[in-house]
Trainee: 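To start, I am sharing the structure in question, which I have written as structure tokens.
Values below: every heavy atom of this structure, side chains too, minus hydrogens, waters and symmetry copies. The chain is numbered in sequence order, starting from 1.
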Amino acid sequence: SARYDLLITDMLMPERDGIEVMRHARKVQPDIVIVAISGGGRYLTDSLQAARYLGADHVLKKPFGIKELVQSGVLAMGRGSKSITDKVLK
């Protein structure tokens with residue numbers, strides 16, 4: 001089966017919520033790096049706190065730009081170098 005370095009999931013989705021996605025991902029691949037995102041209105045704080053509790057490596061509040069998303073992924077993967085982020089964005 002395929003292995004992935006990074007999972008980016010929204011916490012509030014119509015078919016399956018981010019908590020379910022994160023739990024399944026950790027079950028299948030315990031070492032996967034997870035970035036959880038949310039713009040969940042009144043549920044924003046609760047959903048991002050739940051993501052942290054469930055082991056999200058980084059959380060990101062909507063709205064955000066591509067630079068913030070890339071930086072979040074890079075930092076979550078333990079490669080918090082600005083030069084790496086700059087190279088990815090070029």
Side-chain angles (χ1 to χ4, degrees):
S1 96
R3 290 190 49 83
Y4 300 93
D5 295 321
L6 176 65
L7 167 67
I8 300 171
T9 185
D10 199 326
M11 293 305 292
L12 301 173
M13 299 178 288
E15 296 289 323
R16 184 181 268 191
D17 68 27
I19 291 172
E20 188 178 346
V21 170
M22 289 175 57
R23 284 184 176 153
H24 178 75
R26 289 280 186 221
K27 182 178 174 184
V28 174
Q29 187 179 328
D31 62 339
I32 193 166
V33 175
I34 299 174
V35 174
I37 63 174
S38 185
R42 66 183 196 198
Y43 301 109
L44 175 66
T45 302
D46 291 342
S47 65
L48 292 180
Q49 285 178 345
R52 283 189 182 107
Y53 178 77
L54 292 170
D57 298 284
H58 201 270
V59 296
L60 196 56
K61 177 183 168 186
K62 294 179 193 175
F64 52 82
I66 188 67
K67 187 171 185 175
E68 290 85 8
L69 180 60
V70 170
Q71 286 174 335
S72 179
V74 168
L75 290 171
M77 293 176 69
R79 301 179 187 141
S81 165
K82 186 178 184 319
S83 62
I84 292 172
T85 304
D86 291 343
K87 287 177 188 175
V88 170
L89 292 173
K90 286 186 179 181

Trainee: Might you point out which heavy atoms bring Ala36 and Leu48 nearest each other, and give the distance in Å?
Mentor: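 That would be O-CD2, 4.1 Å.
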Trainee: Are side-chain heavy atoms of Arg23 and Lys27 found at a separation under 4.5 Å?
Mentor: no
Trainee: Val28 and Ile8: same hydrophobic cluster, using ILVMFWY side-chain contacts below 4.5 Å?
Mentor: no
Trainee: To the nearest 0.5 angstrom, please state how far the NE2 atom of His58 sits from the CD atom of Gln71.
Mentor: 9.0 Å
Trainee: Mark yes or no for whether Glu68, through its side chain, and Gly65, through its backbone, hold a donor-acceptor pair below 3.5 Å.
Mentor: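 Here the side-chain-to-backbone pair exists.
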Trainee: Just jot down the salt bridge (Lys or Arg N to Asp or Glu O under 4.0 Å) partners of Asp17, sequence neighbours excluded, or say none.
Mentor: none
Trainee: Judged by atom type as modelled, is there a donor-acceptor pair below 3.5 Å linking the side chain of Gln29 to the main-chain atoms of Tyr4?
Mentor: yes
Trainee: Over all heavy atoms of both residues, which pair between Ala25 and Leu7 is shortest? Give the atoms and the distance, please.
Mentor: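 Heavy atoms of Ala25 and Leu7 come nearest at CB-CD2, 3.7 Å.
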Trainee: Excluding sequence neighbours, so at least two apart, what forms salt bridge (Lys or Arg N to Asp or Glu O under 4.0 Å) with Arg26?
Mentor: Asp57
Trainee: For the atom pair NZ (Lys62) and OG (Ser38), what is the distance rounded to the nearest 0.5 Å?
Mentor: 6.5 Å
Trainee: Give the minimum heavy-atom separation between Val59 and Ala51, together with the two atoms involved.
Mentor: CG1-CB, 4.0 Å
Trainee: With rounding to the nearest 0.5 Å, note down the distance linking CE in Met77 to CG in Leu6.
Mentor: 5.5 Å
Trainee: Identify the two heavy atoms, one from Val35 and one from Ser72, that lie closest to each other, and give their separation to 0.1 Å.
Mentor: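 Heavy atoms only, the tightest pair is CG1-OG, 3.3 Å.
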Trainee: Could you give the distance from CD1 (Ile19) to CG (Leu54), rounded to the nearest 0.5 Å?
Mentor: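 With rounding to 0.5 Å, CD1 (Ile19) is 5.5 Å from CG (Leu54).
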